[in-house]
Amino acid sequence: DVMRNLRGFLKSALVVRECRTRPDSLIGFAPALINPRGSTTPAFGFPAPTTAREYATTRYSEVAQKETNYFADRTHTCRFAENDVMIMHADTNRGIEVLLNPIYNKGTGFSLAEKERLGIRGLTPPRYFTIEQQCEKIWANLTEKGKTGMFRWRSMQALQDRNETLFYRLLVDHIEELAPVIYTPTVGEACLQYSRLFRRPRGMYFSADDVGHFNAMMYNWKNDVSVIVVTDGSRVLGLGDLGAHGMGISVGKLDLYVAGAGIEPSSVLPCVLDVGTDNEELLTDPYYFGLPQKRIKGDAFMNIVDEFIQAVKNRWPKALVQFEDFSTDHAMPILKRHRENVLCFNDDIQGTAVVVLAGIYGAMAAMGKSPSAIIEQTFVLCGAGSAGMGIANFIHAALVHHGLSPQQAFERFYILDKHGLITSSRELKEGEAGVDDLRPFAESRLDLPDGLKLKEVIEIAKPTALLGASTVNGLFTHEILSRMGKLNNNPIIMPLSNPTSRAECTAEAAANATEGRAIFSAGSPFDDVSKSGVTMVANQGNNFYVFPGLGLGSILVGSDYISDGMLNAAAEAIPKTLNDGAIQRRAIYPRIADIRDVSVKVAAAVMKQAVDEGRENRGGKIAHMISRDGLEGLERYVRSSMYYPEYRPTVFSPGSGRGTL
């Protein structure tokens, strides 16, 4: 009898262990405790449940109930068993230290078994709440009437400081509402006063005083890193030079990587290169936490960037580096200098260009055409700065990709600056920022006099697409927009300049001038406009559609270079997430709420292109997967690799001597 009872007990224990990790895996499994025919022969002296799911939630076993609540109602298809246990670092002690660590803290979300195991029973309130219940409570607080964007930003930062998992779960569940809080526009307001809002260190600061020590400093960061966002704070969201306050941009961007692409929170690293600031207000601020000196420039600055990149390569040779908010005169030179030196891209240049091209591909879809119809388009671009030329270069690459010769593609562009149309007769000074990118476009314009105004260019060129990167408010006048509407049934109008006060036109102006027929996309948010019974969707190009999936795909495929082909693949993938209803409404971008689905499509497209270009460095694993399962199978693999924020049972590291597994 003793042996029989012992065997029954051991079988029951196996069920408990299985339920803790994956309740659904026990469907059809019928040891003594779980009888699918309804028999309730008890092993523990109480009526046994009849299904694995019932067992996972039964009130008779607190261990099973509390542990499996983490996973019982999963609706996502991200990573499962391999990360269903949170292994605590060996340096972490039992007790209150667990609750003070935001990586391990769950607040009221600890099971009784965990409380015993971690030595925190009695240190938290007795009632157990699921992560969903915790999210509901915090969301109700954040959305109370009268709460400002800055209140929400500070509340989210405080949540991240005490419970990282809950922070990311709330962000994932409410990404459409919280992305503007975590990142632009609210983070810009936070960056203006970042020193005064500083509460807890996050990321790494590499200052001019640390030159010569970057390589050693990298080892102060204990985790393995997959993605780094670095800025020098010289051009933060159009707010100008904010110096070390640029850290807020790096932090916010990486939070979106975690939420949008499922990058593991422990594998991201926000960085700032503090080389001083030319912002007099910061230099005289007694609480400014950056170097209180004028900004280092020239070769000395580039040497600092070089040392940073080399230190990253030495520490994490496969990490992706995203350059963010560097000044116009440095952004393109840094990208060209290091693009083949390390896996990297510049979101302000390449990310913006990709999202604009994605919008053009979306416009093709809205007109019932394929992406290759881009070769039929003619572009007028106002703005010859780094952003404008980045857009022009990338669209040019897409035109060549779809069949035009480089010269034919150059001839599709009419580029204007503050002096008017730029042609072959324009004197371009050697060595000036952006001149090398502008020159081939200018030299292809032999047929028109230099300096023509926008109105005259529209009449001669008869463009299908009007793009603005000029930061000149109201540049697209009613007369110009009306002419675009007469030349095209569905003119593509893209006032891309930020913020709204610098947009070349508003959605209402475009709708009024074209009777609502325009395919409109802006860099700033506008409301949809109804005109003559037709609703014109006010699309907004957002780099968030691009960088999470681009980064994830580049990492998963093991590429050491992000090519123009990979960027074009990302652009083509974005409008493929649109359904028929959205396309009929002339929506050219998906909803931010669907960002994880968008990132899966983008990542898979980037990986496939990398394989086609011979850039895979996973031993042929990805190529084999594509040949065997196709793009659909690749998308499943991408989704299965994504981190999803949920509470996992917390255990001590084996051999730590502080607990048992």
Is a side-chain donor or acceptor of [X] paired with a backbone partner of [Y] at a separation under 3.5 angstrom?
X    : Y    : answer
R94  : I120 : no
R235 : F326 : yes
Y545 : P590 : yes
T231 : E324 : yes
S250 : C271 : yes
Q322 : V227 : no
E114 : S111 : yes
S195 : F289 : yes

If you measure only the distance, is there a donor-acceptor pair under 3.5 Å linking the side chains of [X] and [Y]?
X    : Y    : answer
E97  : N93  : yes
Y637 : D629 : no
T108 : Q134 : yes
Y647 : N163 : yes
S266 : E264 : no

task = State yes or no: are the ring centers of F206 and H213 separated by less than 6.0 Å?
result =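 Ring-ring flag for F206/H213: false, centres at least 6.0 Å apart.
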
task = Scan residues 310-321 for pairs that pass side chain to side chain donor-acceptor pair (under 3.5 Å), counting only residues two or more places apart or in two chains.
result =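 Residue pairs passing side chain to side chain donor-acceptor pair (under 3.5 Å), neighbours aside: N215-N314, Q310-N314, K313-N341.
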
request  = Output every pair passing side chain to side chain donor-acceptor pair (under 3.5 Å) with a member in residues 196-210, not counting sequence neighbours, ordered by first then second residue.
outcome  = Q157-R202, D161-R202, R196-D285, S207-D210

inquiry  = Going by ring-ring contact (aromatic ring centres under 6.0 Å, His included), name the residues that satisfy it together with H174, two or more places apart in sequence or in a different chain.
reply    =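 Testing H174 for ring-ring contact (aromatic ring centres under 6.0 Å, His included), a comparison that skips the adjacent residues, returns W139.
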
remark   = Scanning both residues in full, the closest heavy-atom pair of G95 with L123 reads C-CD1, 4.1 Å

query = N543: what forms a side-chain contact (heavy atoms from CB on, under 4.5 Å) with it, not counting sequence neighbours?
reply =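 Listed in chain order: D347, T352, V355, F547.
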
ask   = Relative to each other, are the rings of F308 and F214 parallel, tilted or perpendicular (30° and 60° limits)?
value =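 Geometry flag for F214 against F308: perpendicular rings.
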
key: Residue list, side-chain hydrogen bond (donor to acceptor under 3.5 Å, both in side chains) with S234, at least two apart or on another chain   =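 Once residues adjacent in sequence are excluded, the partners of S234 under the side-chain hydrogen bond (donor to acceptor under 3.5 Å, both in side chains) criterion are D232.
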
ask   = Taking only residues at least two apart or on different chains, which pairs with a member in residues 140-163 satisfy ring-ring contact (aromatic ring centres under 6.0 Å, His included)?
value = none

